[in-house]
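Lettering follows sequence order; numbering is per chain, from 1.
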Protein chains: 2
Amino acid sequence: MERRGRQQKDALKIHLLNFDRTHGIHYDPRMQLTLYTDYSLRALLYIGRTPDRLVTISEIADFYGVSRNHMVKVIHHLGSIGYLTTIRGKAGGVRLARPAGEIRISEVVQATEPHMDLQECFNPHTNTCPLTGDCRLKGVLYQARAAFMGVLAGQTLADLLPPSLEP
Amino acid sequence: MERRGRQQKDALKIHLLNFDRTHGIHYDPRMQLTLYTDYSLRALLYIGRTPDRLVTISEIADFYGVSRNHMVKVIHHLGSIGYLTTIRGKAGGVRLARPAGEIRISEVVQATEPHMDLQECFNPHTNTCPLTGDCRLKGVLYQARAAFMGVLAGQTLADLLPPSLEP
DNA sequence: CATAAGATGCATTTACAATATATGTTATGG
DNA sequence: CCATAACATATATTGTAAATGCATCTTATG
């Protein structure tokens, strides 16, 4: 609510599907990463920028001014898939479980953005489009998605940290 | 509801943010185009495949088995931005307003997918991330998005039609 | 002029991202 | 050894907007 709420309260809101040519305002995208992925990347950035000590979830959430509950789940997930070492108990906290140079951004996005079916036809289980099989659009969208992920595959967390933190 | 509804009723549903490691099921993406864009592209495909006559909105909606209401708005919008010629009245219908080879897929997506802010920091008006300005992630995501759109920019509607329809 | 087509606005539903709450588990430091 | 501070986990609630439905208007033709 926080993030999009402000935007939506300020703006005249006419949904695209309920498009009103007298106002002609378009808003609200879908080609976006979830806030969950956003927070995952931000958490890694923060932790990567603080390599000398453990950081707590509260610290990260406070820094970004976001819900601690969200961050708890983000951190837990990143820990469970091997990006973070989490240490319970008093004086606990989290740190990177691998060198920043080995954390590939495309992999983080894939791990946090469960699937990236751009269109209905990407999921054969739910697809209903009768053109499937005789339609070249899907292939093109696949290529586009591959190009997108290809850029992210060329970057690691280390590449995204400030130069001063480079080894 | 139709499209995602089926998928969601069949599957065990545990939201990623409410991730449950005992089940461990991830679902529900966000890196996807809106159904609105989906329908826009499908409508263009159908109309492009029927170059010899006018087609009606009902015909398109029936073909794909989707809401006619949706399709009405999609067609109207595509008409208002110059992709379609719409003809009212009895014996009316729609046809392409330009040759299929001049309808660039990237432009259709941009016209129907209003903005594509992958992350909060893409919109300076609502951004709250304190790293902005000292964070290299945004630039990388920009590059990735550009790569995505670049692939779509290399394709026109004509490229997506069956070979038999090529001039 | 009845009818079949698109145009338009508004109301409703539903999904789910986001958030909140509650409680459990672990480990340390005094 | 236990109070406390940290992460772990499950469930419930909320808010937004995508998706859909419905009603009516406008246009043109056979």
Please walk me through it: do B/Glu120 and B/Thr128 pass side-chain hydrogen bond (donor to acceptor under 3.5 Å, both in side chains)?
CA-CA 8 Å; B/Glu120 178 184 316; B/Thr128 64; 2.5 Å; yes
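In this model, the phosphate group of C/dT19 is not approached by any side-chain N or O of A/Arg68 to a distance below 4.0 Å at OP1 or OP2. Between A/Thr56 and D/dA5 there is no side-chain polar atom (N or O) within less than 4.0 angstrom of OP1 or OP2. For the OP1/OP2 pair of D/dT20 and a distance below 4.0 Å, the side-chain nitrogens and oxygens of B/Tyr36 include no atom meeting the criterion.
With rounding to whole Å, B/Asn69 atom CG is found 15 Å from C/dT13 atom P. Atom P of nucleotide C/dA20 and atom CE of A/Met71 are separated by 14 Å, given to the nearest angstrom. Taking atom NZ of B/Lys73 as the reference point, atom C1' of C/dG6 lies 13 Å away to the nearest angstrom. Nucleotide C/dT26 holds its P atom 13 Å from the NE2 atom of A/His76, rounded to whole Å. Distance CG (B/Leu54) to P (C/dA4): 17 Å, rounded to an integer number of Å. The NE2-P distance, from A/His70 to D/dA10, rounds to 17 Å in whole Å. Rounded to whole angstrom, the span from the CD1 atom of B/Ile60 across to the P atom of C/dG6 amounts to 8 Å. In this structure, B/Tyr83 atom OH and C/dG6 atom P are separated by 21 Å, rounded to whole Å.
Ring orientation note: the planes of A/His70 and A/Tyr39 are nearly perpendicular, at an angle over 60° on the 30°/60° scale. Taking the six-membered ring where the residue is Trp, B/Phe63 and B/Tyr46 present tilted rings, their angle falling between 30° and 60°.
Each of A/Val72 and A/Gly92 was assigned the nucleotide of DNA chain D with the nearest heavy atom; the assignment lying further toward the 5' end belongs to A/Gly92. Nucleotides of DNA chain C nearest to B/Ser58 and A/Lys90 differ in position, and the one nearer the 5' end is that of B/Ser58. Both A/Gly89 and A/Ser67 sit near DNA chain C, but only A/Ser67 has its closest nucleotide nearer the 5' end.
Remark: B/Asp134 engages A/Arg49 in a salt bridge, criterion side-chain N to carboxylate O under 4.0 Å. For the pair B/Arg68 and B/Glu59, the salt-bridge criterion is not met [side-chain N within less than 4.0 Å of a carboxylate O].
Within 4.0 Å of B/Ile75, counting heavy atoms only, lies no atom of the nucleic acid at all. Using a 4.0 Å heavy-atom criterion, one finds that A/Gly93 contacts the sugar-phosphate atoms exclusively.
Checking D/dA19, D/dG30, C/dT19 against every side-chain atom of A/Tyr39, the shortest atom distance belongs to C/dT19.
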